[in-house]
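Report on the structure given below.
Computed from a predicted model, the values in this text were never measured in an experiment. These numbers come from the heavy atoms of this one structure, side chains and all, not from hydrogens, waters or symmetry mates.
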Amino acid sequence: MNSKIVVGIDFSECSLNALAHAVSLAEKSNLEIVMVWVNKFSEENVLHHNNELILSGAKLHFSKLVEKYKPILGDRISYVIKEGRVYESINELCQELNPLLVIIGTHGISGFSEKWLGSNAYRVALMLDTPVIIIRNVIDVEKSLTKILLPIDSTVETRQKLPLTAKLAQCFDATVYVLGVHTSTLDDIENKVKSYVNQVATYLEERNVKYEVDEIYARNLVDDIINYADKIDANLLSIMDEQEHTLKNVFEGSYTLQLVTKSKCPVLISHMKSMFSLSIN
């Protein structure tokens, strides 16, 4: 398994909360953290800012963060400063490092930190090839990763998030809650969901991952999943960005974005372009 977590930093409270969450994950899994800050000032405001002063300030902040978490992680925390557009810079770093995850912070319903990612933050998160964990600022970063909610619906893509979810569960000895989500009472659709759930359960059992199986009939897909996550006190919600395309006509707005803004736990967004190999059809 890849050994690095990339954490987007803009030194706001939001991004520092995401970093603290990343540290709690890295501490228990022997993963390495690479913090990244993108200096947009070098291109956008070069006439109005002292670029050297900005860079010096960023390095000073990073040094303090490294010292803060060194007692926990030792030499497994470092930082990188990039220049240019945020998406291109983060994507370039991911191509260089091939990390397991990218973790970024969000203010929740009001959107992502404008200091770091600006108005295109959500699009950036979806465009990265690497799976992304999005964590809201209000989430308790001290909670251990013990319960992962894995919704399974009738779409072919729904199972593709399973391998990474299973890997994380193995790292933290967490329980995966496999939730069959029914959005139709048609027999063919119901049977497909049940079949996918059984395949997921077999996959987890073969890898000695603890799991529980349940099902719901969803009237409001997003709210019902969020309510179930609250019910079990989930520490992570594992979804796929592909579902916002396959299910976009079920409700108004983006499935993924709604889950991110409403979830009380971190949301893991896996991408079709970055899936682990999975031998289930």
Side-chain angles (χ1 to χ4, degrees), residues 1-10 14-15 17-26 28-38 40 73 76-106 112-113 116-118 120-136 145 148 150 157-172 174 235-245 254-257 259-260 263 265-278:
M1 185 176 66
N2 303 341
S3 61
K4 293 181 175 63
I5 299 175
V6 168
V7 184
I9 298 290
D10 66 357
C14 178
S15 68
N17 185 63
L19 174 61
H21 185 69
V23 169
S24 69
L25 295 181
K28 299 176 178 65
S29 61
N30 204 37
L31 293 169
E32 177 184 343
I33 287 180
V34 179
M35 301 176 287
V36 57
W37 174 67
V38 180
K40 298 191 293 180
L73 300 177
R76 290 186 288 117
I77 183 168
S78 60
Y79 68 87
V80 173
I81 293 177
K82 291 280 190 178
E83 293 190 353
R85 296 181 179 180
V86 172
Y87 161 68
E88 293 175 351
S89 298
I90 302 296
N91 191 51
E92 180 182 88
L93 182 63
C94 288
Q95 290 177 352
E96 294 172 4
L97 300 180
N98 190 28
L100 176 69
L101 294 167
V102 173
I103 297 182
I104 56 177
T106 171
F112 290 77
S113 169
W116 180 52
L117 287 176
N120 293 322
Y122 178 63
R123 184 174 63 179
V124 169
L126 293 185
M127 288 176 70
L128 289 177
D129 290 343
T130 306
V132 178
I133 287 182
I134 300 178
I135 178 169
R136 291 172 60 196
L145 181 55
I148 305 175
L150 183 70
E157 299 84 7
T158 191
R159 298 163 295 168
Q160 295 300 308
K161 57 185 177 281
L162 172 58
L164 177 56
T165 305
K167 289 288 186 181
L168 290 173
Q170 288 174 326
C171 282
F172 299 98
N235 311 123
L236 185 67
L237 172 58
S238 180
I239 64 174
M240 286 191 62
D241 63 353
E242 187 71 12
Q243 286 179 297
E244 76 160 352
H245 304 296
S254 162
Y255 167 86
T256 311
L257 180 56
L259 285 174
V260 167
S263 177
C265 66
V267 178
L268 169 62
I269 304 175
S270 297
H271 309 298
M272 288 298 293
K273 293 175 290 187
S274 61
M275 291 297 92
F276 290 77
S277 59
L278 178 58

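- Shortest non-hydrogen contact noted between P99 and C94 is CD-O, 3.3 Å.
- Judged as a side-chain hydrogen bond (donor to acceptor under 3.5 Å, both in side chains), and not counting sequence neighbours, E88 has no contacts.
- Atom CD1 of I239 sits about 11.0 Å away from atom CG of L150, to the nearest 0.5 Å.
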Derivation and outcome, side-chain contact (heavy atoms from CB on, under 4.5 Å), residues I148 and L268: CA-CA 10 Å; I148 305 175; L268 169 62; over 6 Å; no
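- The two residues S15 and G8 have their closest heavy-atom pair at CB-O, 3.6 Å.
- Taken to the nearest 0.5 Å, the CG atom of L164 stands 6.5 Å off from the OG atom of S238.
- Distance check, rounded to the nearest 0.5 Å: CG of N17 to CD1 of I135 gives 5.0 Å.
- Of the inter-residue distances, the one linking I77 atom CD1 with I33 atom CD1 reads 5.0 Å to the nearest 0.5 angstrom.
- A distance-only check finds a donor-acceptor pair linking the side chain of S24 to the backbone of H21 [under 3.5 Å].
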Verdict with reasoning, L101 to L31, per side-chain contact (heavy atoms from CB on, under 4.5 Å): CA-CA 10 Å; L101 294 167; L31 293 169; 5.8 Å; no
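- Sorted by first then second residue, the salt bridge (Lys or Arg N to Asp or Glu O under 4.0 Å) pairs that include residues 93-102, not counting sequence neighbours, are K82-E96.
- In terms of heavy-atom proximity, C265 sits nearest to L237 at SG-N, 3.8 Å.
- Considering all non-hydrogen atoms of both residues, A18 and G105 come closest at CB-N, 3.7 Å.
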Residue pair K28, L145: steps toward the side-chain contact (heavy atoms from CB on, under 4.5 Å) verdict: CA-CA 9 Å; K28 299 176 178 65; L145 181 55; over 6 Å; no
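- For F172, the ring pair (Phe, Tyr, Trp, His ring centres under 6.0 Å) test picks out no residue, with sequence neighbours left out.
- Taking the side-chain hydrogen bond (donor to acceptor under 3.5 Å, both in side chains) definition, one finds that N235 meets it with T146, sequence neighbours left out.
- Between the side chain of T130 and the backbone N or O of V102 there is no donor-acceptor pair closer than 3.5 Å.
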Verdict with reasoning, L259 to I269, per side-chain contact (heavy atoms from CB on, under 4.5 Å): CA-CA 10 Å; L259 285 174; I269 304 175; over 6 Å; no
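- Here the CG atom belonging to L236 is positioned 8.5 Å from the CG atom belonging to L25, to the nearest 0.5 angstrom.
- Atom-to-atom distance recorded for L100:CG and C171:SG is 7.5 Å, nearest 0.5 angstrom.
- Evaluation of the side chain to side chain contact (heavy atoms under 4.5 Å, CB included) rule for E32 yields K4, V34, R76, S78 as partners, not counting sequence neighbours.
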